[in-house]
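Computed from a predicted model, the values in this text were never measured in an experiment. Quick note: numbers below take in every heavy atom, side chains included, and nothing from hydrogens, waters or symmetry partners.
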Amino acid sequence: MLDLVILSLHFFICFLISVAIWRAPKDVDLSSSSTGTVEMEPDGLILIGKEDDIKRSQRITAKVSGREVVVFYHEGKFHAMDSRCYHEGGPLCLGEIEDINGQACIICPWHKYRITLETGEGLYEGINPLEPSPTPQWQSKGVKQRIHKVTIDNGNVYVSPPDLSVSFDSDYFADKYKNSGDLAMEK
């Protein structure tokens, strides 16, 4: 009987630990020096962090006008975009950056969608079946991901608030996760 009580207690404690881990905050801030807050400057720009810190970490997530934005530092340039993939909301902050035809692209970790850092275009590899020997080539789906303007001033990195008069496919997931307070990593 005592064994049954101990075993039940063990399972109950394991259950509580798994719930605590599952419910823990999942906001990813890959910059160890970030304060977790952003400040709005008088000209409307939003301070994200120190240039050197972001260069060191290569990427950082922040809230800009309530939406999750990821800022990348790649090959000497800063890029910012909505942190959720336009396809199904995958966390782009966890994606790998790959060069496709001379364009730096973030690869969504969920479904491997490719998005250019510079323009937010979705890319896919397609063929023309009318060609005698069709060769796969990279094609654009058009701009799908909202990008944000990055400004560097006195060693600080700023992001402009989004212009919501123009809509992008990524806006759906930016709005969906806007008030959630966590950046869920699992699907």
Side-chain angles (χ1 to χ4, degrees), residues 17-36 38 46 48-49 51 53-127 136-150 157 159-160 162 167-187:
I17 291 171
S18 66
V19 168
I21 291 171
W22 180 68
R23 296 289 298 160
K26 297 176 180 81
D27 192 11
V28 172
D29 181 1
L30 300 176
S31 171
S32 59
S33 66
S34 174
T35 61
V38 293
I46 299 165
I48 301 300
E51 181 179 7
D53 293 341
I54 299 172
K55 283 180 176 179
R56 201 171 14 263
S57 67
Q58 302 290 303
R59 60 186 75 186
I60 185 173
T61 57
K63 291 276 188 179
V64 173
S65 299
R67 58 197 303 138
E68 295 171 352
V69 171
V70 59
V71 178
F72 297 100
Y73 179 73
H74 181 71
E75 294 184 352
K77 293 178 79 177
F78 287 92
H79 307 275
M81 64 176 47
D82 286 349
S83 70
R84 293 299 185 146
C85 179
Y86 70 90
H87 173 239
E88 281 194 15
L92 296 178
C93 62
L94 299 179
E96 297 293 322
I97 296 176
E98 179 180 303
D99 182 74
I100 298 174
N101 287 347
Q103 298 182 86
C105 295
I106 186 72
I107 312 302
C108 180
W110 283 2
H111 301 110
K112 309 305 179 211
Y113 274 54
R114 288 153 173 80
I115 304 163
T116 64
L117 294 180
E118 194 76 33
T119 64
E121 284 180 273
L123 299 181
Y124 70 99
E125 203 169 23
I127 61 168
Q137 295 183 2
W138 288 102
Q139 314 271 330
S140 173
K141 297 177 184 178
V143 177
K144 301 289 188 176
Q145 195 76 22
R146 181 179 295 278
I147 60 169
H148 303 268
K149 183 179 179 213
V150 178
V157 177
V159 171
S160 298
S167 64
F168 296 92
D169 291 3
S170 65
D171 289 341
Y172 172 79
F173 291 103
D175 288 340
K176 181 176 179 178
Y177 291 97
K178 190 172 192 172
N179 298 318
S180 67
D182 67 81
L183 184 60
M185 296 305 144
E186 65 279 342
K187 192 172 175 186

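Not counting sequence neighbours, the partners of E125 by the side-chain contact (heavy atoms from CB on, under 4.5 Å) test are P136, W138.
Taking the six-membered ring where the residue is Trp, H87 and Y113 present parallel rings, their angle staying beneath 30° rather than reaching 60°.
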Evaluate V143 against F168 for side chain to side chain contact (heavy atoms under 4.5 Å, CB included), listing each step before the verdict.
CA-CA 7 Å; V143 177; F168 296 92; 3.3 Å; yes
Take E75 and I97, measure what side chain to side chain contact (heavy atoms under 4.5 Å, CB included) needs, and give me the verdict at the end.
CA-CA 11 Å; E75 294 184 352; I97 296 176; over 6 Å; no
Evaluate side chain to side chain contact (heavy atoms under 4.5 Å, CB included) for E51 paired with Y73, printing each intermediate quantity in order.
CA-CA 9 Å; E51 181 179 7; Y73 179 73; over 6 Å; no
Worked check of side chain to side chain contact (heavy atoms under 4.5 Å, CB included) between R84 and E68:
CA-CA 8 Å; R84 293 299 185 146; E68 295 171 352; 3.4 Å; yes
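Rounded to the nearest 0.5 angstrom, I147 CD1 and D82 CG are separated by 10.5 Å. From L123, atom CG reaches atom CG of N101 across 8.0 Å, with rounding to the nearest 0.5 Å. Here CG of L117 is found 11.5 Å from CD of E98. Values are rounded to the nearest 0.5 Å. Here C105 contributes atom SG and I115 contributes atom CD1; the two are 8.5 Å apart, rounded to the nearest 0.5 Å. Between the NZ atom of K112 and the SG atom of C85 there is a distance of 11.0 Å, given to the nearest 0.5 Å. For the atom pair T61 OG1 and L92 CG, the distance stands at 11.5 Å (nearest 0.5 Å).
Scanning both residues, Y86 and G122, for their nearest heavy atoms gives OH-CA, 3.9 Å. Heavy atoms only, all atoms of each residue included: G90 and C108 are closest at CA-SG, 3.8 Å. Scanning both residues, A174 and R67, for their nearest heavy atoms gives CB-NH2, 3.1 Å. Among all heavy-atom pairs drawn from R114 and I107, the shortest one is CG-CD1, 3.1 Å. When all heavy atoms are compared, the tightest approach of A104 to H74 is CB-CD2, 3.5 Å. Between C93 and R59 the shortest heavy-atom distance is O-NH1, 2.9 Å.
In this structure the side chain of F72 never reaches within 4.5 angstrom of the side chain of K77, judged on heavy atoms. Residues I106 and H79 have side chains not in contact (no heavy-atom distance under 4.5 Å, counting atoms from C-beta outward).
If you check the side chains of S140 and E121, you find a donor sitting under 3.5 Å from an acceptor.
A donor-acceptor pair under 3.5 Å links the side-chain atoms of S170 to the main chain of R146, judged by distance alone.
Of the candidates K144, Q145, K141, K144 is the only one forming a side-chain contact (heavy atoms from CB on, under 4.5 Å) with D169.
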